[in-house]
Enquirer: 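Please see the structure below; I have some questions.
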Amino acid sequence: MTEYLSKELANPESVKRLRLHCADLTELPDELSWLTNLEYLELSFNNFEALPSVVCKLRQLKKLHIRHNKLRHLNDELGELQNLKMIHMPNNADIDSATVFIQLAKIPNLERLSLGNCGIHKIDASIGDFTQLKVLNLYGNQIADLPCEMFGLKKLQFLNLQGNPIDISNYRNKFASKSLTIVC
């Protein structure tokens with residue numbers, strides 16, 4: 001695997017963007033942590049069942065794409081990613097909806113989250129901890145109810161619930177953000 005990254009590892013401090021998509025990957029080498037200035041990581045269309053621990057060592061990471069994998073759970077060390085603002089991870093149908101929100105809530109500056117087509121049935125109350133969240137894509141899931149903690153997300157500007165069995169008319173007036181756009 002490190003031979004696949006030989007160009008990047010030759011001058012690791014200069015690498016800001018890395019695309020490792022469509023590579024049939026199931027793990028990442030520890031040497032990836034040498035990319036200390038990495039801001040954008042693309043891991044889509046692979047075979048990850050869990051977010052590799054080395055990703056949580058990429059402290060400058062701002063954007064993470066990990067769509068179309070086999071993710072079951074993420075990583076309890078996600079809180080180390082203080083600069084992470086966006087996670088795009090739709091089409092991970094086996095994700096554990098009971099823990100995914102709890103793990104993601106540890107990321108203090110997360111602004112954009114996409115969990116479309118992930119088989120999510122319920123949004124955990126920890127959604128209230130997403131204080132910086134502006135965009136939330138939950139399209140194509142099985143969500144029928146919203147937790148009250150979600151209504152306090154003051155920075156939320158866009159919520160996509162399209163393709164879920166939910167009647168949003170019961171909730172529209174409860175959101176703190178009056179400029180919120182809801183797609184359903």
Side-chain angles (χ1 to χ4, degrees), residues 16-19 33 35-44 48 50-67 69 71 73-92 95-141 143 145-164 166 168 171-184:
K16 293 200 179 238
R17 296 176 57 88
L18 182 62
R19 297 186 72 183
S33 66
L35 307 178
T36 55
N37 293 314
L38 192 68
E39 295 178 359
Y40 174 93
L41 180 59
E42 171 73 64
L43 298 173
S44 298
F48 293 108
L51 184 66
S53 294
V54 70
V55 172
C56 297
K57 295 177 183 173
L58 302 170
R59 304 293 159 82
Q60 297 305 313
L61 197 63
K62 293 179 182 173
K63 295 181 180 181
L64 174 63
H65 288 261
I66 190 161
R67 59 196 161 108
N69 273 276
L71 291 176
H73 59 277
L74 296 174
N75 192 301
D76 289 330
E77 298 170 11
L78 279 170
E80 300 297 321
L81 298 174
Q82 301 285 312
N83 294 307
L84 192 62
K85 298 213 181 279
M86 191 268 293
I87 297 181
H88 187 67
M89 55 182 284
N91 299 303
N92 281 287
I95 199 77
D96 181 2
S97 61
T99 62
V100 69
F101 290 101
I102 295 168
Q103 290 173 320
L104 290 169
K106 295 176 182 178
I107 304 169
N109 294 304
L110 192 63
E111 295 177 357
R112 301 175 68 88
L113 175 60
S114 182
L115 288 166
N117 296 319
C118 284
I120 295 172
H121 294 274
K122 182 181 178 191
I123 301 171
D124 186 79
S126 61
I127 192 73
D129 296 333
F130 289 63
T131 58
Q132 302 304 310
L133 198 63
K134 295 178 182 176
V135 176
L136 180 57
N137 283 300
L138 294 170
Y139 57 85
N141 284 295
I143 299 165
D145 193 24
L146 299 179
C148 62
E149 292 82 1
M150 196 164 173
F151 307 128
L153 298 177
K154 295 177 181 158
K155 294 189 178 184
L156 193 62
Q157 298 168 0
F158 182 83
L159 175 61
N160 186 344
L161 291 167
Q162 194 169 21
N164 283 278
I166 188 168
I168 199 67
Y171 301 102
R172 282 195 190 272
N173 295 333
K174 294 182 179 183
F175 285 97
S177 173
K178 299 306 174 195
S179 62
L180 175 64
T181 299
I182 302 173
V183 177
C184 49

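None of the values given here were measured: they were computed from a predicted structure.
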Enquirer: What is the minimum heavy-atom distance between S44 and I66, and which atoms define it?
Expert: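 So the minimum-distance heavy-atom pair works out to OG-N, 3.8 Å.
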Enquirer: Heavy atoms only: give me the nearest P90-Y139 pair and the separation to one decimal.
Expert: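 Here P90 and Y139 meet closest at CB-OH, 3.3 Å.
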Enquirer: When you measure from the side chain of S97 to the backbone N and O of I120, does any donor-acceptor pair fall under 3.5 Å?
Expert: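 No, because the side chain of S97 does not come within donor-acceptor range (under 3.5 Å) of the backbone of I120.
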Enquirer: Do any N or O atoms from the side chain of N109 and from the backbone of Q82 form a donor-acceptor pair under 3.5 angstrom?
Expert: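 Here the side-chain-to-backbone pair exists.
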Enquirer: Nearest 0.5 Å, what's the CG-CD distance between L81 and Q60?
Expert: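 The CG atom of L81 sits 10.5 Å away from the CD atom of Q60.
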Enquirer: Is it the case that over 12 heavy atoms from other parts of the model lie below 6.0 angstrom from the NZ atom of K85?
Expert: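 For K85, atom NZ is crowded (more than 12 foreign heavy atoms under 6.0 Å).
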Enquirer: Run the numbers on N75 and S53 for side chain to side chain contact (heavy atoms under 4.5 Å, CB included), then give the verdict.
Expert: CA-CA 7 Å; N75 192 301; S53 294; 3.3 Å; yes
Enquirer: Are the side chain of N141 and the backbone N or O of C118 linked by a donor-acceptor pair below 3.5 Å?
Expert: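 Looks like yes, one N/O pair under 3.5 Å.
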Enquirer: Looking only at the side chains, is there a donor atom on one of N69 and N92 sitting less than 3.5 Å from an acceptor on the other?
Expert: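 Judged by distance alone, the side chains do not pair up.
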Enquirer: Within a strict 4.5 Å, meaning less than it, do heavy atoms of the D124 and P147 side chains meet?
Expert: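 With C-beta onward as the side chain, the pair stays apart.
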Enquirer: Please report the shortest heavy-atom distance between H65 and M86, naming the atom on each side.
Expert: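 Heavy atoms only, the tightest pair is NE2-CE, 3.2 Å.
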Enquirer: From I127 CD1 over to L133 CG, what is the distance, rounded to the nearest 0.5 angstrom?
Expert: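 Going from the CD1 atom of I127 to the CG atom of L133 covers 6.0 Å.
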Enquirer: Give, for atom CD of Q103 and atom CG of D96, the distance between the pair rounded to the nearest 0.5 Å.
Expert: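 Reported value, rounded in 0.5 Å steps: 7.5 Å.
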Enquirer: Should F151 and L146 count as side-chain neighbours, where that means a heavy-atom distance under 4.5 Å?
Expert: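 Heavy-atom side-chain distance check passes, below 4.5 Å.
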Enquirer: Work out which heavy atom in S114 is nearest to a heavy atom in H88; give both atom names and the distance.
Expert: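 Looking at all heavy atoms of both residues, the closest pair is CB-ND1, 3.4 Å.
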Enquirer: What pair of heavy atoms forms the shortest contact from L159 to M150, and how long is it?
Expert: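 That would be CD1-CE, 3.6 Å.
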Enquirer: Not counting sequence neighbours, list each pair that qualifies as a salt bridge (charged side-chain N to carboxylate O under 4.0 Å, His left out) and has a residue in residues 98-109.
Expert: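 Every pair satisfying salt bridge (charged side-chain N to carboxylate O under 4.0 Å, His left out) with a residue in residues 98-109: D76-K106.
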Enquirer: Report the distance from atom CG of N83 to atom CG of L58, rounding to the nearest 0.5 Å.
Expert: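 These two atoms lie 11.5 Å from each other.
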Enquirer: Give the intermediate values and the outcome of side chain to side chain contact (heavy atoms under 4.5 Å, CB included) for residues L51 and L64.
Expert: CA-CA 11 Å; L51 184 66; L64 174 63; 4.1 Å; yes
Enquirer: Can you tell if the side chain of F130 reaches within under 4.5 Å of the side chain of K155, non-hydrogen atoms only?
Expert: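 No. Closest side-chain heavy atoms not under 4.5 Å.
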Enquirer: What are the two closest non-hydrogen atoms of L78 and I107, and how far apart are they?
Expert: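 Nearest pair, atom of L78 first, then I107: O-CG1, 3.7 Å.
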Enquirer: In sequence, state the C-alpha distance, the side-chain angles, and the governing distance for L74 and M89, and then conclude on side chain to side chain contact (heavy atoms under 4.5 Å, CB included).
Expert: CA-CA 11 Å; L74 296 174; M89 55 182 284; 3.8 Å; yes
Enquirer: Test side chain to side chain contact (heavy atoms under 4.5 Å, CB included) on R112 and F158 and set out the steps.
Expert: CA-CA 9 Å; R112 301 175 68 88; F158 182 83; over 6 Å; no
Enquirer: Is it true that E80 and R59 have a side-chain N and a carboxylate O under 4.0 angstrom from each other?
Expert: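 A salt bridge links E80 with R59.
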Enquirer: Distance from L41 atom CG to L35 atom CG, nearest 0.5 Å?
Expert: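 Between atom CG of L41 and atom CG of L35 there are 9.0 Å.
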Enquirer: Has the side chain of N164 got a donor or acceptor atom that lies under 3.5 Å from a matching backbone atom of L138?
Expert: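 Yes, because the side chain of N164 sits within donor-acceptor range (under 3.5 Å) of the backbone of L138.
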Enquirer: Supply the atom-to-atom distance K154 NZ to S177 OG, rounded to the nearest 0.5 angstrom.
Expert: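 Between K154 NZ and S177 OG, I get 11.0 Å after rounding to 0.5 Å.
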